[in-house]
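Everything on this sheet refers to the single structure shown next.
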Amino acid sequence: VESVRGEPRISREDGRVIDDDLLAEFLPVEGTREHSEDEVFGSKFPRRVGDSWAIVSDLFAEEIEAAIPHTKIDPKDVAGTVRLTDTADVEGVKCLLMEARCEVAKLGSSDGRHEFTGTLTASEDVALPLDASQPPASDRQSMRYTMKRSARLRDGEEEEEITLTFSRVI
């Protein structure tokens, strides 16, 4: 990822710029939440520092399907854990420090012209205030989405493998 005239430009390892239409198909869209983070990543009962628990795989699959158009994920292909790593004061706010790690072993997508298969790995490290009405004090997210695109062309078939890696800190 680089910036050109203030606009992000995403290019491939070979230097070719990734087509904006293709990129728009597969970058997660902000604000398309189907479930709260607590529903997907929360625990049904109180936890202690060091405890870990499984994410709710079917809800995580629904979240990714809502964020990436035309995508289908079998919840059996989703694995993930959340861990309460510590407590800390973050800029004067008492917080729970948590980490979530998720993997989708197989996902598929079709836009009618292209068939896509791939994998997804996501991680998040977040400081959640003890006062649940407050927003996270810090949030670091990253996602790696590897996909293989197949397209039917008039004179044959084309295949291409693309890996997108996203990272954001709030």
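All of these numbers come straight from a predicted model, not from anything done at the bench.
With contacts defined as side-chain heavy-atom distances shorter than 4.5 Å, the pair Val78/Ile73 qualifies. With contacts defined as side-chain heavy-atom distances shorter than 4.5 Å, the pair Leu120/Leu107 qualifies.
Summarising the geometry, atom SG belonging to Cys95 is positioned 11.0 Å from atom CG belonging to Asp86; distances are rounded to the nearest 0.5 Å. The distance from the CE atom of Met98 to the OG1 atom of Thr85 is 8.5 Å, given to the nearest 0.5 Å. Rounding to the nearest 0.5 Å places CG of Leu84 at 5.5 Å from CG of Leu96. Interatomic distance, Arg140 CZ to Glu99 CD, rounded to the nearest 0.5 Å: 13.0 Å. Between Glu124 atom CD and Cys102 atom SG the span is 9.0 Å, to the nearest 0.5 Å. Taking NZ of Lys94 as the start and CD of Gln134 as the end, the distance is 14.5 Å to the nearest 0.5 Å.
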Given side chain to side chain contact (heavy atoms under 4.5 Å, CB included), test Asp58 with Val56 step by step and report yes or no.
CA-CA 6 Å; Asp58 55 336; Val56 181; 3.0 Å; yes

Before giving the answer on side chain to side chain contact (heavy atoms under 4.5 Å, CB included), spell out for Thr87 and Val49 the whole-Å C-alpha distance, their side-chain angles and the decisive distance to 0.1 Å.
CA-CA 8 Å; Thr87 61; Val49 170; 4.2 Å; yes

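When all heavy atoms of Lys72 and Glu65 are compared, the closest pair comes out as CA-OE2, 3.4 Å. Between Pro135 and Pro129, the shortest heavy-atom contact is O-CG, 3.1 Å. Pairing each heavy atom of Arg47 with each of Ser52, the nearest pair is NH1-O, 3.7 Å.
A chain of hydrophobic side-chain contacts below 4.5 Å, direct or via other Ile, Leu, Val, Met, Phe, Trp or Tyr residues, connects Leu59 to Phe41. A single hydrophobic cluster is not seen to contain both Leu97 and Trp53; linkage of ILVMFWY side chains at heavy-atom distances under 4.5 Å, directly or through other members, places them apart. Linking Ile, Leu, Val, Met, Phe, Trp and Tyr whenever their side-chain heavy atoms come within less than 4.5 Å puts Leu130 and Val82 in one cluster.
Checking side-chain atoms of Asp139 against main-chain N and O of Pro136 turns up no donor-acceptor pair under 3.5 Å.
Using a 4.0 Å cut-off between charged nitrogen and carboxylate oxygen, Arg101 and Glu103 do not count as a salt-bridge pair.
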